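Only one structure is covered here, and it is reproduced in the block below.
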Number of protein chains: 4
Amino acid sequence: MRPAPERRREILDTAAEVFAAQGYDATTVRRIADAAGLLAGSLYYHFDSKESMLDEILASFLRELWGRYDAVLAAGLDPRQTIEALVTESFREIDRHRAAVAIFQKESRHLQELPRFGYLADAQHRFEEAWLGTLERGVAAGVFRADLDVRLTYRFVRDTVWVAASWYRPGGQHSPEEIARQYLSMVLEGIAFITRT
Amino acid sequence: MRPAPERRREILDTAAEVFAAQGYDATTVRRIADAAGLLAGSLYYHFDSKESMLDEILASFLRELWGRYDAVLAAGLDPRQTIEALVTESFREIDRHRAAVAIFQKESRHLQELPRFGYLADAQHRFEEAWLGTLERGVAAGVFRADLDVRLTYRFVRDTVWVAASWYRPGGQHSPEEIARQYLSMVLEGIAFITRT
Amino acid sequence: MRPAPERRREILDTAAEVFAAQGYDATTVRRIADAAGLLAGSLYYHFDSKESMLDEILASFLRELWGRYDAVLAAGLDPRQTIEALVTESFREIDRHRAAVAIFQKESRHLQELPRFGYLADAQHRFEEAWLGTLERGVAAGVFRADLDVRLTYRFVRDTVWVAASWYRPGGQHSPEEIARQYLSMVLEGIAFITRT
Amino acid sequence: MRPAPERRREILDTAAEVFAAQGYDATTVRRIADAAGLLAGSLYYHFDSKESMLDEILASFLRELWGRYDAVLAAGLDPRQTIEALVTESFREIDRHRAAVAIFQKESRHLQELPRFGYLADAQHRFEEAWLGTLERGVAAGVFRADLDVRLTYRFVRDTVWVAASWYRPGGQHSPEEIARQYLSMVLEGIAFITRT
DNA sequence: AATGAATGAGGATTCATTCAT
DNA sequence: AATGAATGAATCCTCATTCAT
């Protein structure tokens with residue numbers, strides 16, 4: 001009588017994959033249905049609308065992500081450790097929900113206009129708070145460079161991480177932790193070869 | 001009395017702006033027409049289709065960009081100077097054609113499937129050649145770190161630059177050259193504060 | 001200041017050719033304009049509308065045709081001679097205005113619904129009068145077979161003639177008179193070989 | 001509960017009727033939908049496009065027709081019997097699928113240009129083979145007149161038969177077989193009254 | 001006479017969604 | 001849970017027509 005939650009998840013994962021590949025607007029419910037092995041109309045037994053599928057994908061991704069982020073932020077780490085932990089958690093999240101991250105990345109900006117997706121704007125603000133705050137504390141503590149525009153730095157770090165969702169494939173040759181390590185090394189120390197004493 | 005091409009450009013710039021803001025698929029021709037001050041049907045006096053507007057926007061952006069890139073690559077600079085010049089030209093391009101860059105960034109992946117937009121895939125390959133090649137030469141020459149995955153570095157630098165199109169606003173407080181300088185500084189030397197001797 | 005009548009004719013002939021080839025509805029004014037060597041909008045200097053081009057083509061064809069038919073019908077010929085003359089005049093008309101005849105043939109039926117083209121229905125009635133009347137007189141006079149349904153015979157003869165417009169090409173190997181002769185021979189004597197005494 | 005194909009056929013028959021009455025190009029899908037009792041958009045649940053409706057109408061008509069023709073041609077009849085049988089089958093086909101025949105007659109010529117309707121040209125060639133071949137054998141056998149241009153005769157017979165679709169109404173006073181008999185009598189023996197010994 | 005740019009109505013088609021079964 | 005048929009609104013696009021130049 002009640003919809004099986006596993007089927008929901010299955011369909012939702014399929015939908016996320018298709019949304020990520022084609023873009024939300026370019027995706028028809030029929031394509032999702034085809035990929036999930038049922039007819040378009042049948043999707044409506046499980047979901048209210050195409051939009052609510054998207055909503056569920058994004059909301060559950062953010063819920064999980066903030067779970068991790070909040071744990072990091074509450075751990076009392078120093079700024080550099082915090083940045084390292086946030087980056088690592090981000091790559092783990094990309095590993096777990098690549099499609100959702102890609103959708104978030106691509107569609108966030110224009111979805112924010114819709115009341116239903118107002119929480120995407122909130123998420124952006126919380127991101128900014130978390131990352132920018134950490135960077136500022138780091139600059140104050142002398143562990144991050146003071147000669148750079150912090151906002152620019154913030155965007156740099158943020159984009160650096162999330163854009164990876166557009167090319168990352170789970171099960172590739174690097175684990176998320178390894179990718180995180182390399183990214184962090186680049187971001188923190190730069191790619192130029194320098195003799196350090 | 002006035003030469004026609006100006007109107008074309010006008011409309012095309014408008015279209016690019018709307019595509020960048022809403023996404024290509026989510027943009028209706030009516031919206032473009034509204035923004036350009038004519039009726040939807042009238043667009044078809046100037047253009048064959050919505051798709052051919054997109055085509056023209058992307059193709060002319062890439063044409064211009066490659067003009068700049070080729071000049072840089074032909075200038076006989078060393079690897080580090082080449083990277084610096086490429087990044088600077090990229091930010092200048094973002095400054096000139098922010099919308100086109102944003103569209104390229106967002107829609108490239110799924111447009112490549114369409115035969116008409118096959119040249120987008122070609123462009124990716126040429127990018128890779130130019131950037132990756134330069135990085136490899138730099139590693140060989142000892143100016144870039146050898147302990148990083150070069151492909152990862154390539155994606156890092158490339159994405160880091162282009163994603164800027166999604167938040168950059170021309171006429172902001174930093175000139176494209178200033179942004180390029182800060183970006184390069186971050187990418188090359190890292191954001192961590194380090195005592196260098 | 002006043003439109004040159006020759007240009008009108010030129011355009012009208014072009015239009016007739018295109019209408020005949022593609023069908024009236026499937027023909028765009030742009031195609032006519034292309035074929036006539038001007039821009040679509042410029043047609044409206046010469047004509048009120050696409051429909052009025054069609055009107056002029058059909059009306060002038062019928063005007064000319066009835067001139068010939070009336071002459072035949074007034075000539076006091078016997079039924080067989082009348083049929084022969086009508087057929088011959090018809091093929092001459094096809095020779096002169098193939099396109100107009102083809103259009104008349106193809107579009108007549110559904111154009112009749114439009115008030116403006118009511119005269120097409122009138123023409124059909126006058127045709128019927130002329131041909132059917134002649135056939136009936138011929139049957140009464142014993143020169144045409146009495147064992148056939150006269151209406152069927154009428155349609156047979158009428159169609160036989162006009163359908164030729166769909167394949168006839170002026171300047172082919174047979175003159176219109178020669179084609180008329182052969183058609184008449186078929187219609188009157190049949191295609192079966194029979195020993196007549 | 002009811003098998004779907006019936007609805008398809010229903011709609012297709014309606015469409016054929018409208019196409020025949022108004023011409024393919026002049027027919028809007030809305031008119032078909034109105035006549036079939038659903039909304040325009042709903043047609044696309046059953047058919048890909050307006051064009052594919054036309055395609056299906058014409059293709060299935062030709063399929064059936066060639067079934068009958070092939071049976072006749074394989075029956076080993078003499079030329080005169082063959083012509084008689086082909087004509088009779090043609091009128092039966094007109095009786096069964098008047099609309100399809102009328103469409104074929106009216107639209108065939110310009111549809112042939114489209115790749116999708118290339119089979120219409122093929123059909124013309126097979127017609128020519130069948131009819132013209134039979135006539136030539138008849139001339140050689142001395143049962144058809146040798147003093148007429150055979151190609152002209154072919155067109156004469158062919159058109160004479162098919163044009164009937166434009167005025168024929170099923171359920172009229174003559175059965176298709178009766179019409180065939182009269183037509184054959186006219187075509188074979190002519191309409192002129194002649195004393196035969 | 002003709003052009004170039006535009007209009008506006010209408011056309012085919014798509015697609016999210018509904019609902020009886 | 002899912003299907004099959006349909007809805008209706010919206011979308012891209014076409015095209016006859018207009019009109020200032």
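All chains are named by letter (A, B, ...) in the order of the sequence lines, taking the proteins before the strands, and each is independently numbered beginning at 1. This is a predicted model, so every value here is computed, not measured.
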Q | salt bridge (charged side-chain N to carboxylate O under 4.0 Å, His left out) involving A:D13 - partner list, sequence neighbours excluded | A | A:R9

**Q.** Short side-chain N/O contact from D:Y45 to OP1 or OP2 of F:dA5, under 4.0 Å
**A.** yes

(Q) Using the side-chain contact (heavy atoms from CB on, under 4.5 Å) criterion, which residues pair with C:A21? Sequence neighbours excluded. (A) none

**Q.** Where at least one partner belongs to residues 32-43 of chain C, residue pairs that pass salt bridge (charged side-chain N to carboxylate O under 4.0 Å, His left out), sequence neighbours excluded
**A.** C:R30-C:D34

Q: Strictly below 4.0 Å, heavy-atom distances to any atom of DNA chain E: list the hits from residues 53-61 of chain D, or just say none.
A: none

Q: Taking side-chain hydrogen bond (donor to acceptor under 3.5 Å, both in side chains) as the test, write out the residues that go with A:E17, two or more places apart.
A: A:R98

(Q) For Watson-Crick and G-U wobble pairs within 3.5 Å on both distances, what is DNA chain F written in dot-bracket notation, | included for inter-strand pairing? (A) .||||||||||||||||||||

Q: Measure from CZ on A:F47 to P on F:dA2 and round the result to the nearest Å.
A: 11 Å

Q) Going from CG on B:L65 to CG on B:L58, what distance comes out if it is rounded to the nearest 0.5 angstrom? A) 12.0 Å

Q: Give the rounded distance in Å between these two atoms: CG of D:D34 and P of F:dT7.
A: 11 Å

(Q) Please classify the nucleic acid contact of C:L38 as base, sugar-phosphate, or nothing, using heavy-atom distances under 4.0 Å. (A) sugar-phosphate

Q. Can you check whether C:R7 has a side-chain N or O nearer than 4.0 Å to OP1 or OP2 of E:dA2?
A. yes

Q | A:R8 CZ - F:dA1 P separation (whole Å) | A | 11 Å

Q.
From CG of D:L39 over to C1' of F:dA6, roughly how many Å is that when rounded to an integer?
A. 8 Å

Q: Could you list the residues that satisfy salt bridge (charged side-chain N to carboxylate O under 4.0 Å, His left out) with D:R96, not counting sequence neighbours?
A: D:E64, D:E93

(Q) Could you tell me how far apart D:E6 (CD) and F:dG4 (P) are, to the nearest whole angstrom? (A) 16 Å

Q | Set of residues satisfying salt bridge (charged side-chain N to carboxylate O under 4.0 Å, His left out) with respect to C:D25, sequence neighbours excluded | A | none

Q. Once each nucleotide of nucleotides 12-19 of chain F is scored for protein heavy atoms under 4.0 Å, what B/S/- sequence comes out, 5' to 3'?
A. SBBSSBB-

(Q) Taking the cut-offs as 6.0 angstrom to the six-membered ring centre and 45 degrees off its axis, would you call B:K50 and B:F19 a cation-pi pair? (A) no

Q. Between D:H46 and F:dA6, does any side-chain N or O lie under 4.0 Å from OP1 or OP2?
A. yes

(Q) Once salt bridge (charged side-chain N to carboxylate O under 4.0 Å, His left out) is applied, do any residues pair with B:D122, and if so which ones, sequence neighbours excluded? (A) none

Q) How would you list all residue pairs meeting salt bridge (charged side-chain N to carboxylate O under 4.0 Å, His left out) that involve residues 101-117 of chain C, not counting sequence neighbours? A) C:E51-C:R116, C:D55-C:R116

**Q.** Residues in ring pair (Phe, Tyr, Trp, His ring centres under 6.0 Å) contact with D:F61, at least two apart in sequence or another chain
**A.** D:F104

